Every structure is written in C-alpha cells, then in structure tokens.
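Values below: all heavy atoms of this structure, side chains included; hydrogens, waters and symmetry mates excluded. All values derive from a computational prediction rather than experimental measurement. Quick note on labels: first sequence line is chain A, next is B, and so on, each numbered from 1.
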Number of protein chains: 2
Amino acid sequence: MAARVTMRDVAEAVGVSSMTVSRALRDDETVSAKTRARIQDTARDLGYVYDTTAQAFRTQKSGFVAVTLPSINNANFAETYRALSEAMAESGMQILLGATNYRLEKEEELVRQLLARNPQALVMTGGHHSDATRDLVRARGLSVIDMWDLPVDPLGHAVGFSYAEAMEKMVAHLVSTGRRKLAFVGASDGADQRGATRRDSAIAAAASRGLPPVAVLDAGPAPVSMRHGAAIAERMGRELLNFDAVLCVSDPVAFGVLSACRRLDIDVPGQLAITGFGHFEVAYTCEPRITTIDVSAHNIGVEVAHILDAIIAGDSERHRIDVGTRLVVGGTS
Amino acid sequence: MAARVTMRDVAEAVGVSSMTVSRALRDDETVSAKTRARIQDTARDLGYVYDTTAQAFRTQKSGFVAVTLPSINNANFAETYRALSEAMAESGMQILLGATNYRLEKEEELVRQLLARNPQALVMTGGHHSDATRDLVRARGLSVIDMWDLPVDPLGHAVGFSYAEAMEKMVAHLVSTGRRKLAFVGASDGADQRGATRRDSAIAAAASRGLPPVAVLDAGPAPVSMRHGAAIAERMGRELLNFDAVLCVSDPVAFGVLSACRRLDIDVPGQLAITGFGHFEVAYTCEPRITTIDVSAHNIGVEVAHILDAIIAGDSERHRIDVGTRLVVGGTS
DNA sequence: GGATAACATGTTACCGATATCACAACAAGT
DNA sequence: ACTTGTTGTGATATCGGTAACATGTTATCC
C-alpha cells in the first residue's frame with residue numbers, strides 16, 4: 001500500500017507551505033487565483049485525497065449528526081431518515097445511524113457508541129430515554145432533537161405531533177359511523193412507547209365519550225407487524241365479531257387483521273371496522289383501503305433538518321414543532 | 001460547553017501517565033489489575049468518553065465500513081443492513097450508510113463522500129458501477145464487497161445469488177401449472193439494474209421453453225412499488241386477461257396488481273396467476289398469499305459481515321458466496 | 001517619498017490518542 | 001553478587017490537518 005499523499009506532499013511539489021495548500025483546497029479567496037489553480041491541479045495529479053478524519057480531529061467538528069431510529073425496517077421511519085439525510089448531505093454533514101429495536105437499553109448502548117464519534121447533534125426518535133442516556137448527553141452539552149414525539153420535558157428540541165389528538169380524531173370518526181364496542185391491537189410490552197401512547201389515547205378517547213371499555217388485544221412483543229396482526233386475528237376467529245371496530249397500532253398490523261378477516265369470512269367494514277396508523281403504502285393500496293392517520297414522516301425529516309442547520313450554525317434557540325396529523329378515511333370503516 | 005474530559009484528565013486524577021490510561025481502557029493485560037480497575041472507575045466517575053476520532057486519526061484506522069443501498073425503504077435491503085450492522089457493532093465497527101436511489105451517478109457521488117471518511121471497506125449493492133466509481137476505489141486499494149448480485153467481474157468480493165436461476169424456477173413453476181402467456185411488470189428505465197435482470201431472465205426462461213414472447217408492462221421509473229403495481233393494473237383493466245400470468249418485479253408490485261384485480265373483479269389465481277419476488281412480509285400475509293422467491297436478505301448481511309471481519313483482520317483471500325434462492329408457492333398461482 | 005493599508009503566504013502550536021522505545025523494580029538462575 | 005528476564009509504567013514523537021498570529025510584498029494615498 002503506497003504511502004498516503006498529504007497536503008505536505010502537495011505543498012512541496014508546488015513549492016508553497018502546507019498552510020497555503022490547506023487554504024487553496026478549501027477555496028479560500030485569500031490565496032491568489034494562480035496559486036490556487038496550481039495547487040488544485042497538482043493535488044489532482046498526485047491523487048491527493050482530503051482526510052476528513054484529520055480535519056474532524058483538528059477542528060473538533062466531526063461533521064456527523066447521530067440519529068437513532070427504533071427500526072430502519074419501517075417505511076415511515078425510513079422516509080423520515082431519507083428526507084433528513086438528503087437535506088444533511090447538502091450541508092456537508094453525514095449521518096451516523098443506529099437502530100434501537102424499540103429498547104431503551106439498546107438506545108443507551110447506541111448513544112454511547114455514537115457519542116464516541118463526536119457528533120455535532122443527536123436526533124432521537126421518541127421522547128423516552130433512560131436516565132443514563134439523559135446524563136450522557138447532558139454531560140456533553142450536546143444538542144438533542146426528539147422526533148415523532150412532543151415530550152413534556154424534551155432534552156432539547158422536538159419535532160412531532162400529538163398521538164392523543166390523532167387517536168381522538170380516529171375514535172370520533174368511528175363513533176360518528178356508529179361504532180361503540182372497540183378493541184385495540186398492539187404490542188404486549190411497553191417497549192414501543194409510541195404504540196403504547198396510541199393505545200392509551202384510544203382508551204381515553206373512548207372513555208371520554210362514555211363508550212364501553214376498550215378491549216386490548218395482545219399481538220406479541222414489539223415491534224408488531226403484518227404477520228402479528230394476522231396471527232392474533234386468526235387466533236381470535238369469529239370472536240372478533242364481539243367488537244364493532246378494531247383499532248390497530250399501525251397500518252401493517254391493520255392489514256394483517258384485514259387479511260385474516262378475509263380468510264375468516266368476516267365482512268369489512270360491514271361486520272367490523274378496521275383502522276390503522278401511519279398512512280403506510282399498504283393502507284392505500286390494499287382493497288378495501290384502510291382508514292388511517294397520516295403523520296407526514298417526510299415533513300418530520302425536513303423540519304429536523306432545518307433545526308440541525310440552525311444548531312450547526314450556532315443558533316441556540318429552542319424549537320418545538322407540531323407537524324400535525326390527518327385522518328384518512330378508507331374503505332374499512 | 002464544558003471542556004471535554006480526556007485521558008490526560010483521567011491520568012492526572014489517578015496519578016498515572018496518560019499512556020497507562022490508554023492501555024487500561026483498552027483492557028491491556030500489561031497494566032496491573034489494580035491500576036486498571038482504579039483507572040476504569042475514575043474514567044466512569046469523570047464521565048470520560050472515548051474519542052474515536054482521535055483514535056482513528058492516530059491509528060489511521062477509521063473503524064468505519066461504508067455501505068451503499070439502493071434504498072433504505074425496502075424491507076429486504078433494510079434486513080440485510082440490520083444483520084450487517086448488528087454483526088459489525090460486535091466487531092466495534094460502525095457503518096456509514098448511503099442510499100443511491102437506484103442511480104449510478106448518485107452512487108458515484110456517495111462513494112466520493114464516503115471515501116473521505118477513510119472507510120476500511122466498502123460494501124455496495126449490485127455489481128454495476130460507473131467507471132469513475134471503479135477508479136476511485138481501485139486507486140485507494142480499498143476492499144470492496146458487491147452484494148445481492150454475483151457480477152461476472154466483481155471489484156472484489158461478492159455475496160449474492162443468481163437472478164437467472166431464480167426466474168428460471170419461477171417460470172418453470174408457472175408452466176407446470178399450465179400458464180403460457182406471460183407478462184412482466186417492472187420499471188420502465190434500467191435504473192434498477194437487478195429488476196431489469198429479473199425481467200430479462202424471465203424473458204429468456206420463457207423463450208427457452210418455446211412460450212410466446214413475454215409482454216413487458218411498464219410501471220414507471222424505478223423504484224416501483226405497491227402503488228405502481230396497482231396503477232398499471234387498473235390502467236390495463238380487463239386487458240390483463242390476455243395473459244395467464246403476471247410476473248412482477250417484486251412482491252410489493254405483485255401486491256398492488258393483486259389488489260387491483262380485486263377491484264377489477266379478476267379472479268386470482270382462477271383467471272390470472274400473479275407472482276412476486278423477494279418474500280416480503282406482505283406476500284405471506286395477504287390473502288391469497290403471493291407466490292414468490294425467497295432471497296434470504298438476512299443471510300446476505302451475515303455473510304457480508306463475515307467477509308468484512310476477515311478483511312479487517314487482514315485476510316486478503318477473495319470470496320464469492322452464493323446464498324441461493326427458494327421458490328415459495330402461495331395462493332396466487 | 002514615506003507611511004499605511006491590503007494582500008499573499010509562512011510559522012508555530014496544537015487537537016487526543018497511541019506506537020515505540022526506555023527504564024525502574026523486582027524475581028530467578030548461576 | 002551478578003547477570004538475565006519479567007513486569008509495570010513513563011517519555012516522546014507523531015498521525016494530517018487548521019486557528020491564530022506573524023511576516024513579507026505590493027499597491028495606494030497624501
């Protein structure tokens with residue numbers, strides 16, 4: 001392996017100091033146009049490659065933003081990530097991604113790993129963190145953005161929406177179409193904090209309307225997806241007809257339930273309404289289309305990127321952005 | 001912002017040299033057990049966080065592996081990434097992820113960005129790269145792994161499977177159930193190289209059996225998903241019945257077509273067979289289940305991780321691994 | 001013409017970890 | 001007692017850039 005070409009090598013070849021090379025390669029106007037051109041040409045000829053590691057070390061600015069997601073295998077989180085990473089690439093920042101698998105302990109371990117890379121900001125999904133995690137970032141004075149949630153006591157900034165408000169809309173819609181006996185299908189454990197919030201919000205919304213208590217159906221440990229929705233619906237079989245409507249923690253789960261109903265010969269929405277959450281592609285492609293809540297995953301990414309730009313530019317104002325939600329009525333309710 | 005706690009600070013607090021701290025934190029046996037314990041405790045108490053940037057700089061090993069995926073919003077690629085990143089985290093390596101959006105130009109730009117971070121290896125999805133990309137990595141002498149494809153002339157290692165073999169199985173299956181007039185639904189442009197290969201392989205497999213030419217139905221520019229499958233099927237309407245079977249470039253597309261058939265009152269598989277590719281969750285949850293090819297996305301990630309471990313350990317043997325495919329017959333054929 | 005400003009480039013000292021060599025203290029072998 | 005080896009720790013230089021300040025050189029002005 002040939003020795004690395006450094007700025008010093010370029011400097012010697014051109015006959016200037018390495019400082020001038022450093023300036024020229026960053027297109028610093030104080031270097032005369034002629035010298036700059038000569039340096040840039042020589043750098044190219046020698047096959048010089050800029051060493052970001054050295055730069056990050058010297059300037060103490062890593063050029064990294066750390067992002068944690070519960071799962072990368074979720075179209076909404078993936079979309080937020082996509083929007084975010086495209087915007088950040090324009091700012092010359094790179095994203096360090098980590099998945100928590102919906103576990104707080106994993107998040108803590110991940111944050112520890114990510115912090116070792118000196119990120120300039122940390123974006124986490126959800127406002128729930130372990131004490132150790134909170135201590136870690138506070139000790140660093142690191143800027144934090146919580147996204148997808150609007151926590152009561154955010155560590156820093158927040159971009160998200162209100163689950164309570166969304167579920168309130170959903171329950172109101174179901175009631176307005178005559179449904180009263182509701183069930184909720186979600187994860188059994190509380191690992192998916194946001195899923196649990198949706199469940200609790202649905203229960204509260206039903207209670208406030210004087211409906212009978214919402215039955216909670218356990219689809220297994222988080223994360224739950226299509227197959228878990230299908231499995232629990234098939235396990236319950238025609239007992240599902242004890243309810244007027246099944247609210248699902250997400251569209252994939254709702255789709256699983258819907259598919260199972262097809263196999264069970266349960267008429268949706270005739271005998272049973274089904275609703276989801278998240279406006280996933282499957283919800284608006286399947287037949288009938290699933291009634292759901294659109295959470296504008298893309299906007300969350302865009303807004304987070306804006307805040308990140310401000311943070312990197314040195315702005316210290318604290319932001320809290322509600323991107324809102326939208327009820328999308330399909331053919332399942 | 002509080003000043004960063006460095007090894008020197010820990011060293012002073014304990015009363016040893018920073019070299020000893022460095023050794024102790026890496027669990028170097030030459031440091032006496034007592035001193036080591038004292039150092040590790042003090043480091044914790046002071047809230048010391050290891051600075052990977054400095055380490056990367058000094059050792060000239062970034063601890064990064066660069067990975068490019070066509071899209072993060074694809075359950076199979078996401079699964080490969082998950083398997084890969086979990087295995088790499090155990091080796092203390094971090095993944096730098098980039099998405100090419102199925103465009104070679106974007107890949108080139110991405111590789112350029114990623115290389116500036118001095119990755120110790122580069123994993124790319126697919127064996128098709130621009131000349132500039134090839135030159136970039138060759139000039140660096142960087143180890144490369146192509147995954148998902150088994151290119152004829154890989155840049156380095158390869159972990160994948162044969163699309164031709166998979167499509168051959170699929171066509172054989174359709175023929176064995178009496179289907180002869182085939183159509184293929186995929187992207188119009190060639191940007192999704194692997195999708196185009198599946199199409200061409202299907203065409204070849206049909207030709208070799210003396211079937212009538214496969215009709216190619218254009219679902220739009222890559223990437224195509226559920227909604228595009230649904231859209232083109234709805235556009236074609238009952239003209240779909242000119243065919244016995246529709247082979248789709250992926251399960252999501254197949255699901256879109258299947259949903260449209262439901263709306264069009266076309267009986268699947270009675271009047272028309274539908275097949276997908278990739279063994280996505282939707283394929284085995286929906287009703288009827290979609291006939292597909294399982295490509296073991298997880299295994300690809302695991303195998304790539306093994307090769308990466310070998311590369312990082314200094315092994316230079318060239319690997320080429322075929323993870324194979326499996327035909328999964330569902331209710332749509 | 002001499003003072004001053006504007007411009008172009010160089011010098012030096014780091015950023016935080018670690019490879020390398022040096023060395024002190026003590027044990028074991030002759 | 002003296003060499004030799006072992007063990008635990010320290011001093012120093014360095015990885016490749018860049019901030020901050022210093023300096024030399026040319027244009028500009030009264």
Of the candidate nucleotides D/dA11, D/dA19, D/dG16, which contains the atom at the shortest distance from the side chain of B/Phe57?
-> D/dG16

Whole angstrom value for the distance that separates P of D/dG17 from CZ of A/Arg8 = 9 Å

Any salt bridge between A/Asp41 and A/Arg38, counting N to O under 4.0 Å?
-> no

For C/dT9, does OP1 or OP2 lie under 4.0 Å from any side-chain N or O of A/Ser32?
-> yes

Give one of base, sugar-phosphate or nothing for B/Thr30, where a contact means two heavy atoms less than 4.0 Å apart.
-> base

Measure the distance from CZ on A/Arg23 to P on D/dC21 and round it to the nearest whole Å.
-> 14 Å

With a cut-off of under 6.0 Å to the ring centre and 45° to the axis, is B/Arg58 in cation-pi contact with A/Phe57?
-> no

Among C/dA17, D/dG17, D/dG8, the one nearest A/Arg58 by side-chain distance | D/dG17

Could you state the atom-to-atom distance from CE of A/Met7 to P of C/dT9 in whole Å?
-> 16 Å

Report which part of the nucleic acid A/Met19 touches: base, sugar-phosphate, or nothing (heavy-atom distance under 4.0 Å, all strands).
-> base

Proximity to the side chain of A/Gln55 - top-ranked nucleotide from D/dA13, C/dT9, D/dG17 | D/dG17

B/Val16 side chain: which of D/dA19, C/dT18, D/dG10 is closest?
-> D/dG10

With no hydrogens and no angle check, is any side-chain donor or acceptor of A/Thr100 less than 3.5 Å from a backbone partner on A/Tyr102?
-> yes

Picking from D/dA19, C/dT18, C/dG16, which would you name as closest to the side chain of A/Arg26?
-> D/dA19

Could you state the interatomic distance from CD (B/Gln60) to CD (B/Gln120), rounded to the nearest 0.5 Å?
-> 10.5 Å

What nucleic acid atoms does A/Thr35 come within less than 4.0 Å of, heavy atoms only: base, sugar-phosphate, or nothing?
-> sugar-phosphate

Nearest whole angstrom, please: distance from the P of D/dT18 to the CG of A/Asp28.
-> 11 Å

Under 4.0 Å: is that the gap between some side-chain N or O of A/Gln60 and OP1 or OP2 of C/dG16?
-> yes

C/dT9 P sits how many Å from A/Leu25 CG, rounded?
-> 14 Å

Counting side-chain heavy atoms from CB outward, which of D/dC15, C/dA17, C/dT9 is closest to B/Tyr50?
-> C/dA17

Along DNA chain D (nearest heavy atom to each residue), the more 5'-positioned of B/Ala54 and B/Thr20 | B/Thr20

Ion pair check, A/Glu79 and A/Arg82, cut-off under 4.0 Å | yes

Quick one: B/Lys61 NZ to D/dT14 P, roughly how many Å, whole number?
-> 20 Å

Whole angstrom value for the distance that separates C1' of D/dG16 from CD of A/Glu12 = 14 Å

Return no unless some side-chain N or O of A/Ser22 is found under 4.0 Å from OP1 or OP2 of D/dG17.
-> no

Rounded interatomic separation in angstrom, taking CD1 from A/Ile39 and P from C/dA8 | 13 Å

With a 3.5 Å cut-off and no angle check, do the side chains of A/His129 and A/Asp146 form a donor-acceptor pair?
-> yes

Nucleotide nearest A/Val31 when distance is taken to its side chain, options C/dT9, D/dA13, C/dT11 | C/dT9

